[in-house]
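Letters go in sequence order (proteins before strands), and every chain restarts at 1. Only this structure's heavy atoms are used, side chains among them; waters, hydrogens and symmetry mates stay out. Nothing here was measured: the structure is a model prediction, and the numbers come from that model.
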Amino acid sequence: MWNDSNKYDRGVNTFSPEGRIFQIEYAFEAVKMAATAIGIRTEEGVILAVEKKLPSRLMDPTSVEKIMEIDYHVGCASSGIAGDAKTLADHARVETQQHKFSFNEPLKVEAVTQSIADLATHFGEGSEGMKDKPMSRPYGVSLLVAGCDEDGPQLFVTDPAGTYLKYKACAIGSAAEGAQAYIKESYKDDMTLKEAEKLSLQVLKNVMEEKIDQHNVEVASVEKETGKFRIYRTAEVNDIIDTLS
Amino acid sequence: MWNDSNKYDRGVNTFSPEGRIFQIEYAFEAVKMAATAIGIRTEEGVILAVEKKLPSRLMDPTSVEKIMEIDYHVGCASSGIAGDAKTLADHARVETQQHKFSFNEPLKVEAVTQSIADLATHFGEGSEGMKDKPMSRPYGVSLLVAGCDEDGPQLFVTDPAGTYLKYKACAIGSAAEGAQAYIKESYKDDMTLKEAEKLSLQVLKNVMEEKIDQHNVEVASVEKETGKFRIYRTAEVNDIIDTLS
Amino acid sequence: MWNDSNKYDRGVNTFSPEGRIFQIEYAFEAVKMAATAIGIRTEEGVILAVEKKLPSRLMDPTSVEKIMEIDYHVGCASSGIAGDAKTLADHARVETQQHKFSFNEPLKVEAVTQSIADLATHFGEGSEGMKDKPMSRPYGVSLLVAGCDEDGPQLFVTDPAGTYLKYKACAIGSAAEGAQAYIKESYKDDMTLKEAEKLSLQVLKNVMEEKIDQHNVEVASVEKETGKFRIYRTAEVNDIIDTLS
Amino acid sequence: MWNDSNKYDRGVNTFSPEGRIFQIEYAFEAVKMAATAIGIRTEEGVILAVEKKLPSRLMDPTSVEKIMEIDYHVGCASSGIAGDAKTLADHARVETQQHKFSFNEPLKVEAVTQSIADLATHFGEGSEGMKDKPMSRPYGVSLLVAGCDEDGPQLFVTDPAGTYLKYKACAIGSAAEGAQAYIKESYKDDMTLKEAEKLSLQVLKNVMEEKIDQHNVEVASVEKETGKFRIYRTAEVNDIIDTLS
Amino acid sequence: MWNDSNKYDRGVNTFSPEGRIFQIEYAFEAVKMAATAIGIRTEEGVILAVEKKLPSRLMDPTSVEKIMEIDYHVGCASSGIAGDAKTLADHARVETQQHKFSFNEPLKVEAVTQSIADLATHFGEGSEGMKDKPMSRPYGVSLLVAGCDEDGPQLFVTDPAGTYLKYKACAIGSAAEGAQAYIKESYKDDMTLKEAEKLSLQVLKNVMEEKIDQHNVEVASVEKETGKFRIYRTAEVNDIIDTLS
Amino acid sequence: MWNDSNKYDRGVNTFSPEGRIFQIEYAFEAVKMAATAIGIRTEEGVILAVEKKLPSRLMDPTSVEKIMEIDYHVGCASSGIAGDAKTLADHARVETQQHKFSFNEPLKVEAVTQSIADLATHFGEGSEGMKDKPMSRPYGVSLLVAGCDEDGPQLFVTDPAGTYLKYKACAIGSAAEGAQAYIKESYKDDMTLKEAEKLSLQVLKNVMEEKIDQHNVEVASVEKETGKFRIYRTAEVNDIIDTLS
Amino acid sequence: MWNDSNKYDRGVNTFSPEGRIFQIEYAFEAVKMAATAIGIRTEEGVILAVEKKLPSRLMDPTSVEKIMEIDYHVGCASSGIAGDAKTLADHARVETQQHKFSFNEPLKVEAVTQSIADLATHFGEGSEGMKDKPMSRPYGVSLLVAGCDEDGPQLFVTDPAGTYLKYKACAIGSAAEGAQAYIKESYKDDMTLKEAEKLSLQVLKNVMEEKIDQHNVEVASVEKETGKFRIYRTAEVNDIIDTLS
C-alpha cells in the first residue's frame with residue numbers, strides 16, 4: 001500500500017490508479033493534527049469554540065486568531081494551517097463586500113461558504129474566471145462557518161477537498177472524533193444558545209491536553225435576535241468556564 | 001502489467017505504449033468508488049435518484065447536493081468527486097444562460113450535455129477557445145443529465161473521458177453493475193413516470209449498504225407535461241419509499 | 001528493446017536514439033484498439049461504415065456518434081478516442097464555415113482533410129499561427145474523410161502522425177488488417193455505390209465480434225449526383241444488412 | 001522517518017502524507033541556525049536586541065544590518081537569511097508609505113506585520129493580487145516587529161510559515177530556547193524600558209559564543225513617549241553593556 | 001557508451017559531456033530510416049527524384065506528397081517525417097510570398113533554403129523574432145531544395161541540425177550511402193538534364209526494395225530555360241523508367 | 001553528508017532539511033576557485049587590486065577586464081565568473097545613470113552596492129518589480145565595490161547570496177584566506193593610499209602562483225581628494241611592483 | 001569524478017557542488033571537436049583562416065560558410081556548431097546596422113564582439129532587455145572576430161561562456177593546442193600581413209588530416225589601409241598554398 005501511494009502523491013492534482021487524489025487526502029491530515037474547533041447550531045443562534053495552542057506564556061493570546069469575522073452576520077473558526085485559513089477568510093470578506101456593494105444586501109451564509117469552497121476546489125493551476133488565484137496545493141484547513149440570514153442561524157463546514165456541508169453541530173481538528181461523540185450524546189434540537197455555549201466549552205475541556213482557561217480557548221456566536229456575529233471577550237469566556245463541571 | 005502501467009500514469013495526458021491514457025482510466029475509478037446514481041427515462045419524463053452518504057447524523061442532509069438544476073428544463077445527478085460535479089454543472093449553467101440571452105430560447109438537452117463533455121475533454125492544458133479553463137487532471141465524476149425539450153424527455157450520461165451517450169436508463173457509481181442489471185430486468189419502454197420513480201428507489205434500496213430513508217437519497221424528475229426539472233421534497237421521497245417492497 | 005524504449009516515451013514530442021517519436025507510435029495503438037471503420041470510394045460516391053460498440057442495451061444507439069457531418073458535401077468516420085475525433089471534426093467544421101464565409105464556395109475535400117492533419121501535426125506546444133490550440137499529446141484517432149467536390153468523390157485517411165493519404169478503399173481500427181484484406185479482394189474500380197454499401201457492411205459483419213444489426217453499425221455516403229453527405233437511417237441500414245450473406 | 005521525508009520535500013509547496021509541508025519546516029531550520037534576536041515589550045516601549053556575527057575584524061560592523069527601520073514608528077530585527085529579511089522589510093516599507101500617501105496616517109503596527117506575513121504566506125507561485133511577487137521558496141527568516149501606535153507599544157513575531165503572533169517578549173534564532181527561558185524568568189509586566197534594555201543585552205551576553213561588545217550586538221527601541229523607532233549608537237550600546245553583570 | 005549517452009538525451013537542446021546534442025543526432029536517424037531522395041544539378045537545370053512507400057495498393061499514390069513546390073522557381077524533395085517536411089515547406093512558402101509582396105521580385109534560392117534552415121535551427125524554445133514558432137524537438141527531415149534564379153540552377157540540402165550546404169548532386173534517406181556512391185561514379189559536370197533524369201531514376205531503381213514503377217517514385221525538375229519548377233506527370237515518369245537498364 | 005546534500009541541490013532556490021540553500025553555497029565555491037582580488041580602504045581613498053590569469057602570451061592582457069568603472073566616483077573588482085560580474089556591473093551602471101538623470105546627483109556608494117545585491121538576491125524566478133530580470137541561478141561572483149561620496153571613501157563586498165558588507169580591507173577569491181591573514185597583520189587605520197597600493201600588490205605577490213608583473217595584475221583607486229575612480233596604467237602598476245620586497 | 005558530475009549537468013544553468021556549470025564546460029567540448037580556425041593580428045591588419053570539412057566531393061565548397069562578414073570593417077571565423085555561429089553573427093549584424101543607423105558611424109570592433117558575448121552569456125531563460133531571445137543552452141561555438149577601427153586592427157576571441165579576450169594570435173578548434181604552439185614559435189610583433197597569411201595556412205597545413213587545397217580552407221583579412229574586411233577568392237587561397245613548405 002505504502003509503496004504504491006508514494007508514486008502518485010507528488011503531482012498535486014493527479015489521480016492514483018485507485019481514483020484517489022493524494023494531496024487532498026494529505027491536506028486532511030494537516031487538519032487532523034490541528035487544534036480542535038467546535039460549532040453548535042441552535043434555534044437561537046450558532047456557537048463557535050476553538051482551542052488555542054500558545055507557544056509561550058510571553059505571547060499575547062489575543063493575537064492567535066482562530067475565529068475570524070467575515071461580515072457582520074457571519075464568521076468562521078478554523079482548524080489547520082493558520083495562513084490558509086486567513087487566505088480563505090480574506091477571500092470570503094472580499095466576496096461579501098462586493099456583493100453588498102453590487103446588490104445592497106448581505107451575502108447569504110451558504111453563498112459565503114460556497115465562495116470559500118470554490119477557492120479551495122480550484123487549487124492547482126489558476127482558474128482565470130476567479131478573482132483570487134488559488135494556491136498550488138490544497139488548502140490545509142477546515143472552516144466552521146457560522147452565520148445568520150433570512151433562513152435563520154446556520155452552520156457549515158468546509159474541508160480541504162472544497163466540499164461544504166450543513167451541520168447541526170460539528171467538531172474538527174485533532175480531537176474531532178472524541179468531541180463529535182460527546183456532542184452527539186448531548187445535542188438537543190431545542191437547546192438554547194446558552195446551553196450550546198456551555199456544551200461547546202465542556203467538550204473542549206474534555207478533549208484538550210492543557211487545562212482550559214480564558215486564554216487558550218476562543219468563543220464566538222451569531223445570534224438570531226441581533227443577526228450579528230461577535231467574538232467573546234476574555235471575561236465572558238471566563239464566566240462560561242466557571243460554570244463547567 | 002503493474003510495473004508497466006506505473007511508468008506512464010503520471011503525465012496527465014500521455015499515451016502508454018498500449019495506446020491507453022491512464023489518468024482518464026484512474027478518474028473512472030473515482031466514479032466507481034462513489035455513491036450510486038440512477039436515471040430512468042420514460043415517455044412521460046425522466047427520473048434521477050441518488051444515494052447520499054452522510055458523514056454524521058448532526059449534519060443537515062439537505063446540504064449534500066448530489067442533484068443540481070442546470071436550467072428550468074434540465075438537471076443532473078452526479079457520482080464521483082463532488083467539487084468536480086459542481087464545476088461541470090456551473091459551467092453548464094453559464095452556457096445555458098448565455099444561450100438563452102443570445103437566442104431567446106432554452107438550450108437543447110443534448111447541447112447542455114455537450115457543453116459538459118467539452119469541458120471534460122479538454123483537461124490538461126487550457127484550450128484558449130473555451131470560456132472556462134479546464135482542470136489539469138480529468139474530472140473524476142460522471143453525470144446523469146436529465147432534461148426535456150422539443151425532442152421529449154431525454155437522459156444522457158457523461159463520463160471522465162468527456163464522452164456522452166444517450167440512455168433509456170442507466171446506473172453509475174460503486175453499485176453500477178448490480179443496479180444496471182436490476183434496471184435491465186425491470187425496465188419497460190412504456191413505463192409511467194410513477195413506475196420509474198418507484199423502480200429507481202427500489203434499485204437504490206437493493207444496492208445501498210445503509211437502510212434507505214428520506215434523508216440518504218435524493219430524487220428529481222423532469223416531466224414532459226410541464227417541461228420542468230424539480231428536486232423532490234423529503235416528504236415526497238418518503239412517500240415513495242413507503243411503497244417499496 | 002523494451003528497456004530502451006521506455007526511456008524515451010514520456011517526452012511527448014522527443015526523438016529516441018533510433019529516430020522514433022514514441023508518443024505518436026503509442027497513439028497509433030489507441031486506433032488499433034478501437035472499433036473498425038471502413039471507407040470505399042466508387043465513381044458514384046463514397047461509402048463510410050463503422051462498427052458501434054454499445055456498453056448497454058438501455059443506451060440509445062443513436063447517441064454513439066462515430067460518423068460526423070463536417071459540411072453538406074463532406075463527412076468523416078472515426079476510429080479511436082471519441083473525444084479526439086470530435087475535436088478534430090469541430091475544427092474542420094469551423095474551417096469549412098470560415099472558408100465559405102470568406103470565399104463564398106465550399107472548401108475542397110482535400111483542404112478539409114488538410115485542416116484536420118494540420119491540427120494533428122502540431123500537438124505538443126501550441127503553434128501560435130493556428131486558430132485552435134492543439135492538444136499536449138497526439139490525437140489518438142484516425143479519420144476516414146469522405147467528400148465530393150469538382151474533383152469528384154474522394155476518400156482520405158488521416159492518422160495520429162498528422163499524415164493524410166488518398167485511398168480508393170481503406171479500413172482502420174482493431175480489425176483493419178482483416179478488413180483491408182477482404183476489401184482488396186472484392187474491390188473493383190467500376191463498383192456501383194450500391195455494391196460498395198453492401199461490401200462495406202459485409203466486411204464489418206465478417207470482422208465484428210458481435211452479430212451485426214442496424215444498431216451496432218453506422219453507414220453514411222456522399223453521392224456524386226447530389227454532392228451531399230448524409231448519414232443513413234436505421235431502416236436503411238437494416239435493409240442493407242438483410243442483403244448480406 | 002528520514003527515508004519518508006525526503007520523498008516529499010522537493011515540491012516547495014506540497015503536503016507530505018502526514019499533512020506536513022517540508023519546505024516550510026526546513027526554512028524554520030534556517031532561522032534556528034541564525035544569530036539570536038530578542039524583543040521585549042514594556043509599557044514604556046519595545047526593545048529589540050540582536051547578535052551580529054562579524055566574519056572579519058576588518059569589516060565595518062555597522063554594515064551588518066540586523067535591525068531595520070520600516071517607518072518612523074516601527075522597525076524590525078531579523079534572524080535568518082539576511083537577504084530575505086531585507087526583502088520583507090522593503091515590502092513593508094512600501095506598504096507603509098502607500099498607506100500614508102493614501103490615508104494621511106501611519107499604518108498600524110499590526111497591519112505592518114500583516115503585510116510581511118502576507119508576502120511570506122504566498123511563497124510558491126506568484127499571487128497576482130499582490131504588489132510584490134513572492135519568492136519560489138519560503139522566506140528563511142523570522143522578524144521581531146516592534147512599533148508604537150494608538151494601541152501603545154507592541155511586539156509581533158513573524159515566521160517562515162507566514163504566521164504572526166503578538167508577544168510580551170520573545171527570542172528567535174540559534175539560542176532562542178535558552179534565551180526564552182532566561183527572559184521568562186526575568187520578565188515583569190511593569191518593567192521599565194531601561195530594565196528591558198539591560199535584560200535584552202544580559203540575555204544575549206549569556207547565550208553568545210563571542211564576548212559581547214558594542215560592535216557585535218545591535219539595539220533599537222520604540223518609545224511610547226516619542227512614538228519613534230530608533231537604532232542605538234555604538235556608544236549607547238557600550239553604556240548598557242558596561243552595566244551588565 | 002550507451003549507458004552514458006542515455007543520461008543526456010532527454011533534454012531536447014542540451015550538451016552531453018562530450019559536447020554533443022543527442023536530440024539532433026537522433027533526428028538524423030529519422031532521416032536515415034526514411035525513403036531515399038535524390039537531387040542532381042546540371043547546367044540545364046536540377047532534377048529531384050524520390051521513392052514513395054505506399055502502405056496499400058488501394059491508396060491513391062498521388063496523395064503521398066514527397067516533392068513540394070515552394071514558389072514557381074523553387075521546390076523541394078523530402079526524406080524523413082512527412083509532417084515536418086510540410087511544416088518547413090509551408091514556412092518557406094510564406095517567406096517567398098512575403099518577399100515577392102515586399103520587393104516585387106522572387107526570393108533567391110539560397111534565401112529560400114536559409115529560411116528553412118533558420119526555422120530548423122531554432123527548435124526548442126520559441127525565438128520571438130521569427131514568424132513561425134519552431135517545434136519543441138528538432139525537425140526529423142532533410143530537404144533537397146532545387147531552384148533557379150539569376151545565379152542559375154542550384155541544389156541545396158538542409159538537415160535536422162539546421163545546416164544547409166550546396167551540392168552538385170546528393171542522395172538522402174535510408175539508401176543515401178549506396179545512392180551517393182552510384183551518383184559519384186556517374187555524375188559529369190556537363191550532363192544534360194535528360195541524362196540527370198535518367199541517372200536519378202536509375203539510382204533509385206538500384207537502391208529500392210520494391211520494383212520501381214510510375215506510382216512509387218516522384219520526379220520534378222527546375223529548368224534553366226523556363227526558370228520553372230514542375231512535378232512530372234505519371235506518364236512522364238513512366239517514359240523515363242522505360243529507358244532504364 | 002554527501003549523500004544527503006545531493007538530494008537537495010538541483011532545485012536552484014530550495015531549502016535542504018538543515019535549512020540550507022545549496023545552489024548559493026555552490027556559487028560561493030565558484031568564487032573560491034577564481035583569481036584573487038583585494039580591496040583596502042584608507043582615509044585618503046580605496047585601492048582595488050586583482051590577479052589576472054592569462055590563458056596565452058599571445059593574448060592582449062588589457063582585454064581581461066577584472067576591474068570595471070561603474071560611475072566616475074565608484075568602481076568594482078570581481079572574483080568569480082566574468083560574465084556574471086559584467087552583468088552585475090552593467091546593472092549598477094544603469095542604476096547610477098538613472099539616479100543622476102532623475103535627481104541630478106551621483107548615487108551614493110552604498111546605494112550602488114545595494115542595487116548589485118538586490119539583483120543577486122532575486123535569482124530564480126524573475127521579480128517583476130525589478131528593471132533587469134535576474135538569472136535562473138545565483139550569480140557566481142563576489143565584487144569589491146570601492147567608491148567615494150559625502151561619507152568619504154568606502155569599500156563594500158557583495159557575495160553570491162546577495163549580502164553586502166562594509167570592510168576596511170578584504171580579500172576574495174582562491175587565495176582569500178591567506179591574503180586576508182596577511183592584510184590583517186599589516187593593515188593600519190592611518191595608512192596612506194600609497195601604502196595601501198603597495199600592500200595590496202605585496203599581498204597579491206605573496207599568494208599568486210605566477211610571478212607578478214604589470215600584465216597579470218590590475219590596480220585601481222578612488223581618491224578622496226579628487227573623488228574619482230580610475231584604473232591604473234601598466235606603467236604605474238610596474239612602478240609599484242618595483243617597490244615590492 | 002564521473003559519478004559526481006553526471007548528477008549536476010542536466011540543469012542547463014546550475015552550479016555543481018564545486019561551483020562549476022557543466023553545460024558551459026560541455027559546450028567548450030563542442031568547440032574542441034570542431035574544425036580548426038586561426039586568427040593572426042599584425043600592424044597591417046588581421047588574417048583569419050579556417051579548415052573546411054567537406055562531407056562529399058559533389059558538394060559545392062563555397063556553401064560551407066565558416067567565415068562571415070559582420071560589417072564592412074569586421075568579420076568572424078567560427079569553430080563549433082555552424083548554426084550557433086550563424087545566430088551569433090546575425091545578432092552582431094543587426095547590432096552594427098542599428099548602431100550605424102542611430103549614430104551614423106560604424107560600431108567599434110570591441111563593441112561588436114561584446115554584443116556577441118552578451119547574447120552568449122545570457123543563455124538559459126530569456127533576458128527581456130535584449131533584442132534577441134538567447135538559446136536555452138550555451139552556444140557551442142567560439143568566434144575569432146577580426147576588425148579594424150580607429151584603434152587599428154584588432155582580433156578578439158569569444159567562447160561558449162560568453163567571455164571575450166583580445167589576442168595577437170589565436171587558434172581554436174580540434175587542433176587548437178598544436179596550432180597555438182606553432183603560432184607562438186613563429187609569431188613576431190612586426191610581421192607583415194603577407195607573412196601572417198602564409199603563417200596561418202602553414203599552421204593549418206600542419207594540423208589538418210586532409211591535404212590542404214583551395215577548397216578545404218577559407219581565408220579572410222581586414223586591412224588597416226583599406227579598413228575593409230574581405231573573404232579571399234579561391235585563386236588567392238591557392239596562390240598562398242603554393243608558397244607553403
Value rounded to 0.5 Å, distance of OG1 in A:Thr121 from CD1 in B:Ile81: 10.5 Å
Atom NZ of A:Lys194: over 12 foreign heavy atoms under 6.0 Å: no
Point-to-point distance, once rounded to the nearest 0.5 Å, from CD of A:Gln114 to CD of B:Glu65: 7.5 Å
Check against side chain to side chain contact (heavy atoms under 4.5 Å, CB included), A:Asp118 and B:Thr87: CA-CA 9 Å; A:Asp118 276 358; B:Thr87 301; over 6 Å; no
Heavy-atom contact with chain A under 4.5 Å, split by part of B:Lys86: side chain
A:Ala161, part contacting chain B, at a heavy-atom distance under 4.5 Å: neither
Summary of salt bridge (charged side-chain N to carboxylate O under 4.0 Å, His left out) pairs that have at least one residue in residues 173-190 of chain A, sequence neighbours excluded: A:Lys168-A:Asp189
A:Arg20/B:Glu29 under side chain to side chain contact (heavy atoms under 4.5 Å, CB included): CA gap, chis, key distance, verdict: CA-CA 8 Å; A:Arg20 297 164 62 189; B:Glu29 294 301 317; over 6 Å; no
B:Glu209 atom CD, over 12 foreign heavy atoms within 6.0 Å: no
